[in-house]
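Notes for the one structure printed next.
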Amino acid sequence: MTSVISYGQVNISVTPDKTDYSSKDIVNLTIVLELNGSEYNQQTPLRLPDLSKFNMVGSGSVSSGYMDPETNTVITQYVTRVALEPKQKGKVKIGSVLVTINNKIYKTEPFDIFVRDVEKKSVASASNDVYLNMEIEDREVYQDQPTIAVLKVYSRNIDNFRRVKNIRLPNQGNINVHAINFNRSEIDPSDYGNMASQVLAMFMIFPNEAGYVEVPSVSASLSSYANKNKILSNKVKLNVKRLPEGSPECFKNAVGNFNVSVFNATKEKVEVKKPLNVTIKVSGEGNLTDMSLPTIAESPDYEVFKPKITTKVVPGLAGIKGEILANYVVIPKKAGPISIKTEQFAFFNPTSKEYVDLGQETLSVNAFSHDQIMEARSTVERVNEYTNSLLETVNTPVLKTTTFKVKEKNKFHWNILLTNIAILLTLFVLYLLFKTWQKKRKLIKETVAVKPLGSVAETEKEIRQRLKTDVNDYFSYLENLKDSEDYQKFFQTVDELDAEVRKEYFQGSSKDFVSFLESYKGVAVAEEYRTLSQKIQIEKFSPVKSSEGMDELLIAIVNLYSKISK
């Protein structure tokens with residue numbers, strides 16, 4: 001009886017808004033804690049269960065209290081709402097919510113919800129058969145940490161893939177997008193239901209603010225002979241975590257793993273009031289192209305001008321990888337030793353989840369005055385400098401010199417005469433050969449004119465006999481490729497064989513060739529050709545190819561093309 005009374009005086013419950021969700025829906029949980037009586041003391045806040053399978057979208061709570069006039073009992077009610085975004089699909093278990101009241105732990109009963117998969121499409125084309133899908137596996141990252149996005153196209157008709165062009169990556173102020181590649185993958189014939197798919201592009205997304213960031217759609221154009229449509233991919237929401245507290249004062253927005261070095265690009269002596277090339281090199285992997293680079297610190301010993309930035313980067317596994325060179329022009333103001341220092345630089349390493357302070361980098365140079373450099377030069381260097389200065393500053397008259405040579409007597413060049421005679425003889429021989437060829441051509445034309453033309457059917461048969469393909473050579477070659485398991489070359493050769501046979505019957509496309517076979521070879525042969533074409537495509541894109549399947553495919557190819565080429 002005591003437990004029943006106690007249960008009636010402390011009530012805690014968790015209620016979802018529904019039990020069946022799609023992967024894009026938000027799961028709303030309502031947690032209600034009700035205390036009947038003023039003697040109950042809530043010692044701990046509500047302890048939520050393990051929600052690692054969700055992204056926390058938001059939460060809020062409200063409390064209220066009133067006096068029950070019938071029982072003269074104070075009733076206090078706490079209502080908490082939690083909004084969650086599912087990370088995975090299928091059956092997901094939500095555990096118990098715990099709270100400690102008067103040294104006793106109360107909990108709710110766990111329950112299950114079901115998250116359905118949504119169709120991988122957003123905006124369809126006019127034919128409702130081409131869809132774009134942006135896939136991001138890692139949706140929980142730190143601020144300025146990259147995540148990889150893969151863009152796929154889905155369609156029931158493989159021919160639609162080549163019509164998707166002009167891919168435009170998302171552009172938004174709170175994200176930085178860098179393309180990895182636009183290389184199209186092999187077509188997967190059954191990636192999603194009865195639809196084939198192909199990877200169109202891969203790119204990196206760097207969110208530059210914390211919170212829930214929505215990546216906008218990727219757009220592309222779907223061109224056809226009639227019109228040009230625009231298709232969009234789905235939008236993806238990222239859970240961007242704030243960087244941990246305790247960052248160094250010099251930390252700005254560098255996330256990754258980096259090194260900093262400073263060096264003098266020239267090997268000449270440093271002279272006061274003369275430009276000096278100083279390079280700051282930042283290398284590593286992360287948000288290399290988007291972060292704030294360390295600069296040269298100001299000093300009364302020198303003057304610094306804006307740098308010229310040179311990048312040598314490529315996409316890496318954990319961000320942009322490579323090096324960035326900042327080439328500064330520094331002018332020393334005094335003679336003697338000078339320390340050129342960079343600003344302090346720190347970065348956050350997401351792998352170790354800690355900040356790394358690299359401090360300052362220093363370049364020590366010794367500046368000389370103009371007199372000191374002149375004294376250190378050799379006599380030859382001084383003479384050269386004086387000469388160059390004279391030629392640059394003083395206008396000297398142009399001196400004209402004449403070279404006296406003894407003229408030789410004119411001689412007769414026999415080599416030139418013989419060369420000209422040889423050229424004339426060659427032209428004469430070519431003329432005789434041309435006249436002989438012209439006479440033979442005229443004789444052939446007269447012979448052809450006497451020959452009867454015959455009917456159109458006979459002429460077509462004669463041309464077909466000339467264009468007839470020797471399929472037996474292809475069969476032997478295909479047998480060798482199958483035995484050596486060179487399947488890529490095997491299917492290329494099958495395509496060449498099909499093109500040659502269609503060319504023999506003056507048919508350009510496979511669709512026209514099927515209609516031709518129905519008219520001249522029968523419906524059975526046309527259906528056998530259509531079935532074999534589908535079987536060839538399935539075997540071509542199959543990830544695992546068995547020797548028995550390839551044997552059956554080769555036998556079918558030999559039987560069908562032997563019938564067609566008769």
Side-chain angles (χ1 to χ4, degrees), residues 248-254 256-314 316 320-347 356-399 401:
E249 294 182 359
C250 59
F251 174 76
K252 294 180 180 178
N253 65 337
N257 191 9
F258 307 102
N259 291 314
V260 178
S261 61
V262 58
F263 57 90
N264 182 6
T266 59
K267 301 300 181 182
E268 299 179 357
K269 290 183 179 180
V270 180
E271 186 176 350
V272 178
K273 296 183 180 180
K274 289 293 181 72
L276 167 67
N277 293 323
V278 178
T279 302
I280 296 179
K281 177 182 176 182
V282 181
S283 60
E285 187 172 3
N287 61 335
L288 192 59
T289 55
D290 299 323
M291 69 182 189
S292 298
L293 300 175
T295 61
I296 293 180
E298 294 184 356
S299 173
D301 297 339
Y302 53 81
E303 185 180 2
V304 184
F305 295 90
K306 278 188 176 182
K308 178 182 178 183
I309 306 299
T310 305
T311 59
K312 300 177 183 178
V313 295
V314 294
I320 304 298
K321 183 179 181 181
E323 61 184 26
I324 295 182
L325 303 176
N327 301 302
Y328 287 86
V329 174
V330 179
I331 299 180
K333 293 182 179 180
K334 70 167 189 176
I338 296 176
S339 295
I340 302 175
K341 296 182 178 181
T342 66
E343 291 181 337
Q344 288 188 336
F345 178 75
F347 63 89
V356 179
D357 189 354
L358 297 180
Q360 286 183 311
E361 295 292 327
T362 303
L363 175 64
S364 298
V365 296
N366 191 15
F368 298 92
S369 64
H370 181 70
D371 295 336
Q372 290 174 337
I373 292 180
M374 292 299 296
E375 290 176 359
R377 290 184 179 180
S378 63
T379 305
V380 176
E381 291 176 341
R382 293 179 185 179
V383 171
N384 289 336
E385 184 177 0
Y386 291 149
T387 304
N388 292 332
S389 300
L390 179 65
L391 294 175
E392 291 175 358
T393 58
V394 179
N395 294 324
T396 57
V398 178
L399 300 178
T401 59

So which heavy atom on [X] is nearest to which on [Y], and how close?
X      : Y      : result
Ile309 : Ala326 : CD1-CB, 3.7 Å
Pro294 : Tyr328 : O-OH, 4.0 Å
Leu358 : Phe258 : CD1-O, 3.8 Å
Val262 : Val278 : CG2-CG1, 3.6 Å
Ile320 : Val313 : CG2-CB, 3.5 Å

Query raised in the report: Is a donor on one side and an acceptor on the other found under 3.5 Å between the side chain of Ser299 and the backbone of Asp301?
Result: yes

Query raised in the report: For the atom pair CG (Asn253) and CG (Asp290), what is the distance rounded to the nearest 0.5 Å?
Result: 8.0 Å

Report summary line: Rounded to the nearest 0.5 angstrom, the NZ-CZ distance for Lys269 and Phe368 is 5.5 Å

Report summary line: The salt bridge (charged side-chain N to carboxylate O under 4.0 Å, His left out) partners of Lys281 (sequence neighbours excluded) come to Glu323

All N/O donor-acceptor pairs, side-chain side in residues 331-343, below 3.5 Å, sequence neighbours left out:
| residue | atom | partner | partner atom | Å |
| --- | --- | --- | --- | --- |
| Thr342 | OG1 | Glu361 | N | 3.0 |
| Thr342 | OG1 | Glu361 | O | 3.4 |
| Glu343 | OE1 | Thr295 | OG1 | 2.9 |
| Glu343 | OE2 | Thr295 | OG1 | 3.0 |

Requested in this report: Say whether Ser283 and Asn259, considering side chains only, have a donor N or O and an acceptor N or O under 3.5 Å apart.
Outcome: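 Side chains of Ser283 and Asn259: no pair found under 3.5 Å.
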
Query - Asn277 vs Asn327 side-chain heavy atoms within contact, under 4.5 Å - result: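 No, side chains not in contact.
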
Requested in this report: Flag yes if more than 12 heavy atoms outside Glu298 fall under 6.0 Å of its CD atom; otherwise flag no.
Outcome: no

